[in-house]
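Here the structure is a predicted model, which means the values were calculated and not measured. Here is how names work: the chains are called A, B, and so on, in the same order as the sequence lines, proteins then strands, and each is numbered from 1.
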There are 2 protein chains.
Amino acid sequence: MTLKHAILGLLNYEPMTGYDLKKTIDISINHFWPAVQSQIYTTLAKMEKEGWVTMETIPQESLPPRKVYSLTPTGRAEFVDWLTTPQPYGETRVAWLVQVFFAGQLDDQKALLLLHNLKSVFRQRLEGYASIPEDNRDSLRNDPPRDKFFWMLTVDFGVAQTISQIQWIDKVIHTVESREYILPTLAGDRS
Amino acid sequence: MTLKHAILGLLNYEPMTGYDLKKTIDISINHFWPAVQSQIYTTLAKMEKEGWVTMETIPQESLPPRKVYSLTPTGRAEFVDWLTTPQPYGETRVAWLVQVFFAGQLDDQKALLLLHNLKSVFRQRLEGYASIPEDNRDSLRNDPPRDKFFWMLTVDFGVAQTISQIQWIDKVIHTVESREYILPTLAGDRS
DNA sequence: AAATTCATGTAATAAGTTACATGATTCC
DNA sequence: GGAATCATGTAACTTATTACATGAATTT
């Protein structure tokens, strides 16, 4: 999985420019696959060379010409192939978890600061999810319900995951605050 | 966050060779920050140039000399600085979620195959976590309980998160199987 | 006899980030 | 008058992956 396949998936909905793609990514897969503007343009150029997309230049008065990219049959085949191939799980990099892993090398006060900061980040994220449906109402208005359903699934997942993270960090904070440095039970009371 | 800081954290426990680091990473932070062997060696070289670590060559009979890396005061300072700096959240890339996002572009049968595959991957991962405490019993035996505690926290998190993922995907599978393509409620019954 | 462990690396490539550059138009 | 929107890019750099290379000792 790379940005290439995300772009294939978006262009399979409708042809777009690099500029459109950036805006679409920002309001859709941004939470689990962000992309900066420059990478989108360079990636589109590579995809064109590979024959996955074609580009059509549409001149504009007093603005740079729009370069609209569309999937080729090759690109569509590549996309379906990727979509039906299980992705290697466990290659996800989570920087804040690395910090928690090493937090034992800080004193209690600093470790607790780290944990409390994390919790507030989690809470902010949860609030952010709450406003997504409204933000997307316009952009989703014309999509078929089935597409909408899968789109919203990932938001639903983000919410569930963030709630689970907050519950976990609450337990951690409590344990550190009460200095109960016992090993947490793995099959513990997580009901 | 990069591999550099993970290496700083591990070398702060004790000086190690690149070979040792690879083995240690594989049984510790691998789940949320994997590293291949070649990257570890090249990163150590860079860190030495930056003055974060020093290297001591220990000759061996009939084996290549061990190159043991230790933190310098600069390296230790950099580590503490990084550890107490909040990491940008939301840069985590999750390939399988991108697939779910685009699964609406498959027919029901193929989408369900994707979802069932994902579920079996989640279940396998959960089983994998169950065997971690035993695997690590030897390597952790001499560590102080406080270090052990933070180490095991990340395992505990992995378990909680995976359980949450399985619950989520069960709900998704059920919805697709019964063709209830309604938008999932965001504040729904996730108790 | 074959596989694994120990122990080191290099080279080529891919993927992603940061910073810079241009310029009209429209909204506040 | 200043900020945001539209629309394109390039260059330098960092980070990570894949593939190759060597060779003795030990375990199965």
Side-chain angles (χ1 to χ4, degrees), chain A residues 1-8 15-27 29-30 32-50 52 55-69 82 87-88 90-95 98 138-139, chain B residues 1-8 15-27 29-30 32-50 52 55-69 82 87-88 90-95 98 138-139:
Chain A
M1 167 71 201
T2 62
L3 182 60
K4 283 181 187 175
H5 295 99
I7 290 177
L8 287 178
M16 277 189 264
T17 66
Y19 189 84
D20 297 334
L21 279 166
K22 171 60 178 159
K23 280 196 302 175
T24 307
I25 288 172
D26 283 348
I27 59 159
I29 58 172
N30 190 250
F32 40 93
W33 208 278
V36 295
Q37 176 254 11
S38 65
Q39 200 196 351
I40 292 170
Y41 283 104
T42 51
T43 304
L44 280 170
K46 281 180 206 160
M47 291 170 76
E48 200 187 2
K49 262 186 203 159
E50 281 173 292
W52 292 3
M55 189 259 283
E56 195 195 353
T57 306
I58 297 170
Q60 296 183 113
E61 4 149 348
S62 72
L63 271 181
R66 287 170 57 83
K67 299 189 169 179
V68 179
Y69 292 86
W82 166 78
Q87 290 309 290
E91 289 181 3
T92 308
R93 284 177 168 82
V94 186
V98 182
D138 287 345
S139 51
Chain B
M1 167 70 201
T2 61
L3 183 59
K4 283 181 187 174
H5 295 99
I7 290 177
L8 287 178
M16 279 189 263
T17 67
Y19 189 83
D20 297 334
L21 280 165
K22 172 59 178 160
K23 279 196 303 175
T24 306
I25 288 171
D26 283 349
I27 59 159
I29 58 171
N30 191 251
F32 41 92
W33 208 277
V36 295
Q37 176 255 10
S38 65
Q39 200 195 352
I40 293 170
Y41 283 103
T42 51
T43 303
L44 280 170
K46 280 179 206 159
M47 291 169 76
E48 201 188 2
K49 263 187 202 159
E50 282 174 291
W52 293 4
M55 189 260 283
E56 196 195 352
T57 305
I58 297 171
Q60 295 184 113
E61 4 149 349
S62 73
L63 270 182
R66 287 169 57 83
K67 298 190 170 179
V68 179
Y69 291 86
W82 166 78
Q87 291 307 290
E91 289 180 3
T92 308
R93 284 179 168 81
V94 187
V98 182
D138 288 345
S139 51

Closest of C:dA15, C:dA7, D:dT15 to the A:T2 side chain is C:dA15

Less than 4.0 angstrom between a side-chain N/O of B:Y41 and OP1 or OP2 of C:dG9, yes or no? no

Kindly state each residue pair satisfying salt bridge (charged side-chain N to carboxylate O under 4.0 Å, His left out) with at least one member in residues 37-49 of chain A, sequence neighbours excluded. none

Would you mind reading off the distance between A:Y19 atom OH and C:dA24 atom C1', rounded to a whole angstrom? 13 Å

Classify every nucleotide of nucleotides 21-28 of chain D by which part a protein heavy atom approaches to under 4.0 Å, writing B for the base, S for the sugar-phosphate alone and - for neither, in 5'-to-3' order. --BSS---

Does B:S38 make a side-chain donor-acceptor contact with the base of D:dT18, cut-off 3.5 Å? yes

Can you check whether A:K4 has a side-chain N or O nearer than 4.0 Å to OP1 or OP2 of C:dA15? yes

Can you tell me the distance, in whole Å, between the CD1 atom of B:I40 and the C1' atom of C:dT10? 16 Å

Holding to salt bridge (Lys or Arg N to Asp or Glu O under 4.0 Å), I want the full list of residues that pass it with B:E56, two or more places apart in sequence or in another chain. none

Parallel, tilted or perpendicular: which fits the ring planes of B:H5 and B:W52, with parallel below 30° and perpendicular above 60°? tilted

With the side chain counted from C-beta on, respond yes when A:Y19 and A:Q37 share a heavy-atom pair under 4.5 Å apart, and no when they do not. no

Against the side chain of B:Q60, the closest entry in D:dT8, C:dG16, C:dA7 is C:dA7

Between D:dA16 (P) and B:M47 (CE): distance, integer Å: 12 Å

Measure the shortest side-chain to side-chain distance between B:T2 and B:T43 over non-hydrogen atoms and say whether it is less than 4.5 angstrom. no

Any side-chain N or O of B:R93 less than 4.0 Å from the OP1 or OP2 oxygen of D:dT15? no

Specify the separation, in whole Å, of atom CG of B:L21 and atom P of C:dC6. 14 Å

Does a side-chain N or O of B:Q39 approach OP1 or OP2 of D:dT15 to a distance below 4.0 Å, or not? no

Using side-chain heavy atoms (C-beta onward) and a distance below 4.5 Å, is A:V98 in contact with B:W82? yes

Rounded distance in Å - CZ (A:R66) to C1' (D:dT8): 12 Å

Report the distance from atom NZ of A:K23 to atom C1' of D:dA4, rounded to the nearest whole Å. 12 Å

Got a sec, which residues hit side chain to side chain donor-acceptor pair (under 3.5 Å) with B:E50, two or more places apart in sequence or on another chain? B:K4

Side chains of B:L8 and B:M47: does their closest heavy-atom pair fall under 4.5 Å? yes

Test item: B:L3 and B:I25 side chains (from C-beta on) under 4.5 Å apart, heavy atoms: yes

Where the side chain of A:V36 is concerned, which of C:dT17, D:dT8, D:dA16 is the nearest nucleotide? C:dT17

Starting at atom NZ of A:K67, determine the distance to atom C1' of D:dT8, rounded to an integer number of angstrom. 7 Å

Identify whether any heavy atom of B:K22 sits under 4.0 Å from a base atom; if not, whether one sits that close to sugar-phosphate; answer base, sugar-phosphate or nothing. nothing

Which whole-number value in Å describes the distance from A:L3 CG to C:dA14 C1'? 12 Å

Pairs under 3.5 angstrom only: tabulate donor-acceptor contacts from the side chains of residues 57-69 of chain B to other protein residues two or more places apart or in another chain.
residue, atom, partner, partner atom, Å
B:Q60, NE2, B:P64, O, 2.8
B:R66, NH2, B:D20, OD2, 3.2

Axis bend over the full length of the helix from C:dA1-D:dT28 to C:dC28-D:dG1, computed from five pairs that close each end, to 10 degrees: 50°

